[in-house]
Each structure stands twice: as structure tokens, then as C-alpha cells.
There are 2 protein chains.
Amino acid sequence: MREKSGSGRIELDKTDLAILKILQLDNKTPQRRIAEAVHLSAPAVQRRIKRMEETGVIAGNAALIDPAKVGRAITLFVEVQMESERAEMFDDAKRLFSSVPEVQQCYYVTGDVDFILIVVVRTMAEYEVLTRRLFFENPNVKRFRTLVCMDRIKAGLTVPLG
Amino acid sequence: MREKSGSGRIELDKTDLAILKILQLDNKTPQRRIAEAVHLSAPAVQRRIKRMEETGVIAGNAALIDPAKVGRAITLFVEVQMESERAEMFDDAKRLFSSVPEVQQCYYVTGDVDFILIVVVRTMAEYEVLTRRLFFENPNVKRFRTLVCMDRIKAGLTVPLG
DNA sequence: GGTGAAAATACTACCTG
DNA sequence: CAGGTAGTATTTTCACC
């Protein structure tokens, strides 16, 4: 394998991208159907998929769940600003945010904001408990701003390819 | 089927949630293995999965792709504030943002910000072209703020269950 | 990368409580 | 109506070219 993890770029040809495009929409698509779409045999497709999984291009295979349907109706965006910029403090924050299941996505960003969190909860009461634990009781957090999601226009989990 | 789409909540028992938890991590897990995990037979699991797909609890099945590995190294968060709050203008904005492949996720939020966009591009030059088209040349956009993602701590596409 | 056979898996019909 | 069983069809996977 060329590169198991790491952030380096992997060489992908047009066929690989075409396969990814299909798998991104529906990874249950039979290799047979993918094969005829990209003018290849099923095993050839299979080998390419395997390689992309090994190199980390395909990071995982997941069923996409509608949060509202499982009673997790509330999505929140939280911009977090930290007190200092010490590396150690960031590691702590990363570990903390990662460990919370309600924190669906967490990004470290530039600018006056340090972290952006996408949080999914059942109720606002649940979120308030969370804010206490993550922000108010966290001395490293200077400030945080919450934006409440009213509508998910595009649920995006797909990466634009090509 | 109880409810094909719509945002109503679906009745799910402990077993359904256990199945979802597994499929969210890896939807290629054989029904046989899921079955023994939840103490059921494979066809029973199969029927439950089918029902959850029909009711929209499972919205889709996707391969998760690492943007960096396909040359889409740059993730940006854009907060967009609109000029007015007319419904028609929002519909236009939704359509516009949805139609752009680089806009991976788009949410309508409350507060002084109206939309949050998560944009994935290859280069900053590509983003600049996009900003012109989406924001500068769009009279409905009052203001926008871009936050550049430095690190994706948690790539979250999973919904906390239970 | 293709071919063909083998193994694993998903699906269906039918039966049972 | 939900689950189990057994058989069938599909799909994945492997050896070989």
C-alpha cells in the first residue's frame, strides 16, 4: 500500500474518481453495476475500492441517519474562542470535544474563533447541561457563541469530485 | 410503510437503535454479525433495516471520502448574512447554495447569521471565484465571514444514539 | 486488468407463536 | 404482526491467466 494514513494526496485516475462518485451516493451499489458504468470488470472495480480503502481515500462506510427521525431534532453550531493558544491546551480541548457523542463534528479554524462544533441534541435542556460541562466549567474557554439550526438545506456528506 | 418522508419521529425500539449504531460505524457489517449482536436472526435484522430505510430513518448509505486525499484540501466555514428576511429571497439562496457542488453542507440558522456553509475546495483561488459568484455578485447577501479550517478534529457523520 | 469458480452474503417464501 | 427456518438469488472474493 502506498500510504495507510497521513494526509498526503493519493494518485487517483478518472476511473477512481468515477467510482468514488458512485460510492459516495450509495456504497451498496453492486460492483457489477459500477463496473459497467466505468467500463471495467467487477474484480477490477473491487481492487480499486480495496486500494482506496487501504490508502484512506475511503475513510469509512456509513449509514446516514436522519437526526430528527431518531429524536435528535436540534442541531447547533458553536463557535468557541479559547483563552490562550498554547498547544497543550488545544490538545486537551480536542480530546474533550472528541469524547462527547453529542459533538458530531469538530473543526479547528483560524481567525478570532478557534473551534467550530456541530452539536446534535434531543432537547435544549440537554444542550444546557452540555454547555456547562464543555464551556462554563472549562477555564480554557474564553467565549462561545451558539447558532441554532432551523433547516438543513444541504446535509452534505459528499465531497465534490473531479 | 408508516412514513416515507416528512420530519415526524419514528418509533424505534432498543434493537433498532442498536442496529443503527452498528450501521453508522460500518454499513457493510454482515447482517449475520449484526444479528448475533442484537440477539436476532439475520432476516429479522434485514426487515428492520428495510423498514428504517423506507421510513427515512436511514437516509442513505455512503462511502466517506477524505477530502484531503482527493486534492480537496481546503475546508471553509462561511457565515452568510442576508439583506432582508423575505421568504422568496431565502428560497433563491437555498437553491443557489444547494446547486454548488463545492458547498458541501448548508444550514439555515437563527441569530445575526442566516446561513452557515461548509465549503470544500482545491485552492484558495477556486474559493475566490466562488465568493464572487455566491456573495459579491449576489445583491441579497449583506455580509459574509470566512473561517478557514486548519484541522478536522472530528469528521462526524454519525448521530449520537440512545 | 480479465475470466470463471468458490465463498459469503442478502433476500424471499413459508411457517410459527 | 414480529420472528425463525430453509432455500434461492446475488454479490463479493479469490485463483489463475
Side-chain angles (χ1 to χ4, degrees), chain A residues 1-4 9-66 69-71 157-158 161-162, chain B residues 1-6 8-66 69-70 157-158 161-162:
Chain A
M1 69 202 82
R2 290 206 184 87
E3 177 158 1
K4 184 121 193 169
R9 189 164 165 186
I10 307 292
E11 285 169 44
L12 301 170
D13 61 17
K14 291 283 174 199
T15 307
D16 288 321
L17 291 177
I19 293 171
L20 284 180
K21 232 171 208 164
I22 294 169
L23 293 180
Q24 200 166 229
L25 288 173
D26 180 11
N27 72 350
K28 295 262 194 98
T29 309
Q31 290 168 1
R32 192 213 171 291
R33 196 133 4 119
I34 300 172
E36 57 195 37
V38 302
H39 310 296
L40 238 61
S41 68
V45 169
Q46 143 95 323
R47 283 189 280 257
R48 280 167 179 268
I49 293 173
K50 187 162 186 252
R51 182 173 77 87
M52 292 193 283
E53 281 173 345
E54 284 172 352
T55 53
V57 174
I58 296 174
N61 288 290
L64 308 179
I65 295 165
D66 184 340
K69 292 275 173 64
V70 293
L157 316 105
T158 61
L161 300 170
Chain B
M1 69 203 78
R2 289 205 183 91
E3 177 160 359
K4 184 121 194 170
S5 66
R9 190 164 164 185
I10 308 292
E11 285 170 44
L12 300 170
D13 62 17
K14 291 283 174 198
T15 307
D16 287 321
L17 291 177
I19 293 170
L20 285 181
K21 232 171 209 166
I22 294 168
L23 293 180
Q24 200 167 230
L25 288 173
D26 181 9
N27 71 352
K28 297 255 200 107
T29 309
Q31 291 169 359
R32 194 213 171 291
R33 197 135 4 127
I34 300 172
E36 58 195 36
V38 302
H39 309 295
L40 238 63
S41 69
V45 169
Q46 142 98 322
R47 282 188 280 259
R48 281 168 179 266
I49 293 173
K50 187 163 186 248
R51 183 173 75 86
M52 291 193 284
E53 280 173 346
E54 283 171 353
T55 53
V57 174
I58 296 174
N61 289 288
L64 309 179
I65 294 164
D66 184 340
K69 293 275 173 65
V70 293
L157 318 104
T158 62
L161 300 171

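The sequence lines fix the lettering, A, B, ..., with proteins before strands; numbering per chain opens at 1. Basis for what follows: all heavy atoms, side chains included, without hydrogens, waters or symmetry-related copies.
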Q. What nucleotide among C:dG1, D:dT11, D:dA2 has an atom nearest to a side-chain atom of A:R33?
A. D:dT11
Q: Ignoring the backbone of A:A44, work out which of D:dA2, D:dA6, C:dG1 is nearest its side chain.
A: C:dG1
Q | Nearest-Å distance for atom pair NE2/P, residues B:H39 and D:dG3 | A | 14 Å
Q) How would you label the contact of A:Q31 with the nucleic acid (heavy atoms, under 4.0 Å): base, sugar-phosphate, or nothing? A) base
Q: Drop me the distance from A:T29's OG1 to A:I22's CD1, to the nearest 0.5 angstrom.
A: 6.5 Å
Q: Would you kindly give the CG-to-C1' distance between B:L40 and D:dC1, to the nearest whole Å?
A: 14 Å
Q) Nearest-Å distance, CD (A:E36) to P (C:dT3)? A) 14 Å
Q. Is there a side-chain contact between B:I19 and B:M52, using heavy atoms and a 4.5 Å cut-off?
A. yes
Q) Rounded to the Å, how far apart are A:R32 CZ and D:dA9 C1'? A) 14 Å
**Q.** Along DNA chain D (nearest heavy atom to each residue), the more 5'-positioned of A:P30 and A:K50
**A.** A:P30
Q.
Rounding to an integer number of Å, can you tell me how far B:N27 CG sits from C:dA10 C1'?
A. 14 Å
**Q.** Euclidean distance, atom NZ of residue A:K28 to atom P of D:dT10 [Å, nearest integer]
**A.** 17 Å
Q.
Evaluate B:N27 against B:N61 for side-chain hydrogen bond (donor to acceptor under 3.5 Å, both in side chains), listing each step before the verdict.
A. CA-CA 7 Å; B:N27 71 352; B:N61 289 288; 2.9 Å; yes
Q. Within less than 4.0 Å of OP1 or OP2 of D:dT13, is there a side-chain N or O belonging to A:Q46?
A. yes
Q. Rounded to whole angstroms, how far apart are CD1 on B:I49 and C1' on C:dT9?
A. 12 Å
Q. How many Å lie between CD1 on A:I34 and C1' on D:dT10, as a whole number?
A. 14 Å
(Q) So, does A:R47 get its side chain near the phosphate of C:dG2, meaning an N or O under 4.0 Å from OP1 or OP2? (A) no
Q) When A:E36 is tested against each of A:R32, A:R33, A:H39 for side chain to side chain donor-acceptor pair (under 3.5 Å), which residue passes? A) A:R32
Q) Between atom CG of A:L25 and atom NZ of A:K21, what is the distance when rounded to the nearest 0.5 Å? A) 9.5 Å
